[in-house]
Structure formats: structure tokens, C-alpha cells
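A, B, ... follow the sequence lines: proteins, then strands. Residue 1 opens every chain.
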Number of protein chains: 2
Amino acid sequence: MPKFIGEFDGKIDAKGRIVIPVGLKKQLPEDSFNHLVINRGFDKCLVIYTRNDWETETQKLEGLDSFNKLDRQFIRIFNNGATEIGLDTANRVLIPKKLSQYAEIESDVVLYAYNNKIEVWSKKNYESQMAIDPDEFSKMAETVMSKKKNDE
Amino acid sequence: MPKFIGEFDGKIDAKGRIVIPVGLKKQLPEDSFNHLVINRGFDKCLVIYTRNDWETETQKLEGLDSFNKLDRQFIRIFNNGATEIGLDTANRVLIPKKLSQYAEIESDVVLYAYNNKIEVWSKKNYESQMAIDPDEFSKMAETVMSKKKNDE
DNA sequence: TCTTTTTCTTACACTATATGACACAACTCT
DNA sequence: AGAGTTGTGTCATATAGTGTAAGAAAAAGA
């Protein structure tokens with residue numbers, strides 16, 4: 001499983017393409033250049049996985065109960081919009097229009113890579129997502145990490 | 001885990017690079033020269049880790065649930081734009097523009113190394129951060145250390 | 001103290017990358 | 001078929017990134 005890291009600024013061009021900066025491209029396995037999957041994220045962003053990782057992710061859904069209405073709906077929505085994409089000759093990926101609309105991407109974007117995901121944000125949404133003051137953040141840390149402890 | 005120590009003055013050049021002084025470079029494990037991670041710290045400074053240490057830090061996040069909104073946001077903010085960097089042929093590191101802006105770094109910088117972190121400050125912010133009179137400092141010690149005791 | 005070596009600083013030159021414009025192919029719709 | 005839309009590739013240019021070198025300053029050794 002690739003471990004991505006980095007935060008990159010970029011733009012979407014008139015045709016809806018975003019350049020994958022070299023710093024990020026270098027982290028991608030070569031055989032994934034033409035086998036990436038992009039989908040809606042849970043927040044107003046898009047997520048790019050390698051095809052392999054995407055399959056791993058969807059396997060997490062396998063335990064769900066396809067006789068259960070809510071589960072079925074979730075699976076449907078989760079898969080909706082997932083599209084395979086690839087790098088073109090200029091290291092760009094074409095973002096399907098539906099998805100860029102969903103993420104409210106118009107011109108400036110931020111690529112935010114961590115773990116096995118590359119998140120694609122409109123700059124505006126990215127900034128408001130990240131705007132949090134240190135005190136709030138440390139409270140958040142307590143909540144999140146203590147919950148984690150209880151789970152164990 | 002490396003244990004850094006020292007305070008170094010330096011400058012950022014027109015291309016956004018900062019020289020890692022030899023005294024500091026010697027403290028870095030050789031195999032980390034091209035695998036350093038930099039990201040935003042609290043208090044308008046930047047923090048550099050070795051990639052290994054960074055991964056140790058982020059392992060704390062591993063049990064979190066990416067289907068949970070708060071957890072996701074926490075992960076994102078914790079990562080905070082971490083980016084991998086390396087030393088060039090002249091022992092410099094290129095600071096991503098976004099980050100130097102965040103830390104208000106324009107010309108003079110201070111590298112402040114302790115534990116497994118190297119903090120990068122603009123000289124101005126560093127000085128105002130460190131400007132404190134002895135009485136205040138001792139009061140601060142009481143507050144901080146007694147709180148710690150209660151936690152234990 | 002003087003010499004030698006190392007480290008720092010600055011400047012510059014070269015390479016790689018990002019960006020925007022444009023041309024054209026494929027496809028859709030009327 | 002023709003007009004419009006969408007997808008893909010190419011190119012030129014500006015900017016960002018990287019490497020090299022020379023002199024100044026500092027440190028180390030004799």
C-alpha cells in the first residue's frame with residue numbers, strides 16, 4: 001500500500017483537467033498511472049486511490065447486508081461516481097464534471113495526500129476545513145483519541 | 001529516535017531554501033537526508049522530522065475511523081500539509097512556499113532543535129516567542145508542571 | 001599568530017516543471 | 001451533414017527548482 005504525503009496547490013483548466021505535480025507523481029506506483037480511481041469523498045472533496053487500493057476499500061463494504069435497505073443504499077451511493085482515470089501525456093487527470101461540481105471545484109485546487117488517498121479540494125473549501133484554532137484542535141484531539149481508547 | 005539539540009541562525013535564499021548547518025546535519029541519520037518531513041507546527045513555526053519519526057507520530061492515528069467525520073477532520077488537520085523534503089547538494093532544504101508563508105519566513109530564520117524535532121522560525125517570531133522575563137517564566141513553570149502532576 | 005581547512009554566503013547558470021493557449025479528434029445532438 | 005460539446009495532445013513561455021562555483025568568514029591546527 002502506497003503511503004502518500006504532501007500538500008500541493010494546483011489549478012483545474014478549462015477542460016476540467018488537473019496536473020499531478022511531479023512530487024506526487026513520483027509517489028505513485030508506475031503501474032497505477034493509468035489505473036487510478038476517483039470518487040466523491042465524504043466531505044466536499046474528491047478522493048483518488050490507486051485501483052488496487054480502491055478495491056481494498058470496497059472490500060470493506062462486503063460485510064454489509066445487501067438485504068438491508070440502508071446498507072444497499074449506502075453501497076450504491078458509495079460507488080456512485082467512482083470512475084477510473086489516468087494520467088495523460090502532460091501528467092494531468094481529467095476530473096469528471098459531476099465530481100468537480102460536487103466538490104465545488106472551479107479554478108484553484110489543493111491536492112492533499114496522506115495514507116493511501118489523494119484528496120482533491122477546492123482551495124476555498126480546503127481552507128475552511130483546515131481553519132481551526134489550536135485550542136479547539138487540542139480539545140478535538142482529546143475527544144478523538146479518548147474515544148479511540150474506549151474502543152480498544 | 002534521534003535526539004536533536006541546538007539553536008542555529010540562518011537565512012532563506014531567494015529560491016526559498018535554508019541551509020542546514022553542519023552542526024545540525026551531523027545529528028541527522030544519513031539515511032534521512034532525503035527523507036525528511038516538514039509541516040506546520042503550532043505557533044507559526046514549521047517542524048521538520050525524519051520520515052521515520054513522522055511515521056511514528058502518525059501511527060497514533062491508525063486506529064481512527066475514516067467513516068467518522070470528526071476522526072477524518074482530525075486526521076487531516078493533524079497531517080497539516082506534511083510534505084517530504086530532502087537536502088540538496090549544498091545541504092539546503094527547499095521550504096514549500098505555502099509553509100514559509102504560514103511561518104512568516106522572509107529572510108532571517110532560526111532553527112531550533114530538540115527531541116526529535118527541528119523547528120523552523122522566522123527570527124522575528126522566534127524572538128517574540130522567547131521574550132519572557134524570569135519571573136513570568138518561573139510562574140509558567142509552576143502552572144505547567146503542576147498541571148502535569150495532576151494528570152498523572 | 002599564521003596557515004590550513006572547513007563552513008557559510010552569495011551569485012549565477014542551467015534544468016525541470018507548471019501553465020495557458022491552441023489545434024484537432026471523437027462523440028452527441030439536432 | 002453540421003454545430004456544438006467533450007476529450008486529448010502539443011507547444012511556448014514563465015516560473016520554480018536544482019546545481020555549481022568563488023570569495024568571505026569562521027574554526028581548527030601548528
Assess the side chains of B/N125 and B/E104: does a donor N or O sit below 3.5 Å from an acceptor N or O? yes

Nearest-nucleotide comparison on DNA chain D, the residue closer to the 5′ end among B/K97 and B/T89: B/K97

A/D88 CG - C/dA26 C1' separation (whole Å): 16 Å

How far does CD1 of B/I118 sit from CD1 of B/I5, to the nearest 0.5 angstrom? 12.5 Å

Find the distance A/F8:CZ to C/dT19:P and express it as a whole number of Å. 13 Å

Charged N to carboxylate O below 4.0 Å: is that the case for B/R40 and A/E7? yes

Here the distance between atom P of D/dG7 and atom NZ of A/K98, to the nearest Å, is 13 Å

Decide salt bridge (Lys or Arg N to Asp or Glu O under 4.0 Å) for B/R76 and A/D43; before the verdict, give the C-alpha distance in whole Å, the side-chain angles of both, and the deciding distance to 0.1 Å. CA-CA 12 Å; B/R76 276 191 206 109; A/D43 307 290; 2.9 Å; yes

How does each nucleotide of nucleotides 8-13 of chain C score, in 5' to 3' order, for protein heavy atoms under 4.0 Å: base (B), sugar-phosphate only (S), or none (-)? S-SB-B

Is it true that A/E119 and A/Y114 share a donor-acceptor pair across their side chains at a distance under 3.5 Å? yes

To the nearest Å, how far apart are B/I12 CD1 and D/dA16 P? 13 Å

So which heavy atom on B/V109 is nearest to which on B/K11, and how close? CG2-N, 3.9 Å

Just how far, in rounded Å, is P of D/dT10 from CG of A/L87? 15 Å

